[in-house]
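First the structure, in the form of C-alpha cells, and then the observations on it.
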Number of protein chains: 2
Amino acid sequence: MDLGTVFAALADDSRRKVIAELASGPEGQERACGSFDLPVKKATRTYHFRVLREAGLVAQRDHGNGSALRLLRADIEEHCPGLLQLLVAELRQSSERSTEATGRGGTDCSPGAAAL
Amino acid sequence: MDLGTVFAALADDSRRKVIAELASGPEGQERACGSFDLPVKKATRTYHFRVLREAGLVAQRDHGNGSALRLLRADIEEHCPGLLQLLVAELRQSSERSTEATGRGGTDCSPGAAAL
DNA sequence: CTTCAGGTACGACAATGTTCATACCTGGGA
DNA sequence: TCCCAGGTATGAACATTGTCGTACCTGAAG
C-alpha cells in the first residue's frame with residue numbers, strides 16, 4: 001500500500017466520491033458499479049474503478065453481467081488510519097451544502113449516507 | 001482547504017517528504033528551503049514549494065537571500081486530522097529501511113528526524 | 001435467437017503535471 | 001567592488017492523467 005498511489009487515487013473528485021460513499025456504508029457492503037452517480041461516461045467510470053483497485057482501496061467482483069465494488073476497509077484503516085473519516089466528512093459537507101441550497105433532496109438519497 | 005488539492009499535492013514523493021520532515025519537527029519550526037534533500041534541480045524545488053503553498057500546507061517567509069518553510073499545522077490538523085501522522089509514519093519507515101540496509105547512517109541525519 | 005444493458009479494452013486527444021535550462025534578482029562575504 | 005549562493009520567473013520538453021468514441025464481450029430478458 002503506497003501512500004503516493006493512494007493520494008493520487010484520491011486526488012480525483014469522482015474517485016473520492018466513490019470511496020466516501022462506500023465508507024459511509026456498512027462494513028463489507030458490496031455496491032453495484034453502476035449505482036454511483038458520476039458525471040462521466042462508462043468508459044471513464046471503468047478507468048476510475050481500475051485506478052481505485054490498483055491503489056488497493058477496493059476489490060471488484062464480477063457478476064457476469066454487472067459488477068460490484070467492495071471497500072477494503074481493514075487494509076485502509078491499518079495503513080492509513082483516519083483517511084476514510086476525512087472522505088466521509090467531505091461527502092457529508094457537500095451533501096449538507098446541497099441540502100441547504102434546495103431545502104431538501106440533496107445527495108443523501110444515496111444508500112448509506114444516513115446510515116452511519 | 002480542498003481535499004482534492006491536498007491529496008494532489010501529497011501525491012508527489014518530494015512534496016510528501018518535505019511535509020513529513022516538517023511534521024517531524026517541533027511546532028512552529030521554520031526550516032530553510034535549501035535544507036531539504038530533494039533529487040531535483042532548484043527550479044523544480046521552487047515549483048514544489050509553490051504547490052505546497054497553494055494547497056495551504058505551508059507558509060513561506062522570505063529572508064531576502066534565502067527563504068524558509070513553516071508547516072501550517074493547526075490548519076491541517078483541523079481540516080485533515082491524522083494526515084500528518086500518516087506522512088510521518090511513512091518517513092519513519094523509509095528511514096528505518098535505509099538504516100537496516102547500511103547498518104547506520106540513513107536519512108535521519110536530516111535535522112529534526114532524531115530531535116522529536 | 002435477437003436484443004439490450006452493463007463492462008472492458010484500446011486508441012486518440014486535450015489538459016495537467018513534472019522537470020529542467022536559462023536568465024534574472026537579491027544579499028552577504030572576499 | 002565583484003562574485004557567489006540561494007530563489008524566482010519563464011518557457012520549453014516531456015510524461016502522466018482524465019475523458020471519450022468505438023468495438024467488443026457477456027448474461028439476462030423478450
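The sequence lines fix the lettering, A, B, ..., with proteins before strands; numbering per chain opens at 1.
- A/R15 places a side-chain N or O within 3.5 Å of a backbone atom of A/A8 that can act as its donor or acceptor partner.
- In this entry the distance linking CG of B/D13 with C1' of C/dT18 reads 12 Å, nearest Å.
- Across all non-hydrogen atoms, the minimal contact from B/E30 to B/A68 is OE1-CB, 3.9 Å.
- Taking the ring axis of A/F36 as reference, the NZ or CZ atom of A/R45 does not stay both within 45° of it and closer than 6.0 Å to the ring centre.
- Protein atom CZ of A/F7 is 16 Å distant from nucleotide atom P of D/dT17, rounded to whole Å.
- Look at CZ on A/F36: it is 15 Å from P on C/dG6, rounded to the nearest Å.
- To the nearest 0.5 Å, the span separating CG on B/L57 from CG on B/L22 amounts to 10.0 Å.
- Under the 3.5 Å distance criterion, the side-chain polar atoms of A/R16 are left unmatched by any main-chain donor or acceptor of A/L91.
- A sub-4.0 Å separation between OP1 or OP2 of C/dT8 and a side-chain N or O of A/Q60 is present.
- Put simply, CG on A/N65 is 17 Å from P on C/dT3, counting in whole angstrom units.
- Of the residues in residues 40-58 of chain B, those placing a heavy atom less than 4.0 Å from an atom of DNA chain C are B/V40, B/K41, B/A43, B/T44, B/Y47, B/H48, in numerical order.
- When rounded to the nearest whole Å, the span between CG of B/L38 and C1' of C/dT18 equals 13 Å.
- Of the residues near DNA chain D, B/G66 and A/D12, the one whose nearest nucleotide (by heavy atom distance) lies more toward the 5' end is B/G66.
- A/V88 and B/M1 fall into different hydrophobic clusters, where Ile, Leu, Val, Met, Phe, Trp and Tyr side chains are chained together by heavy-atom contacts under 4.5 Å.
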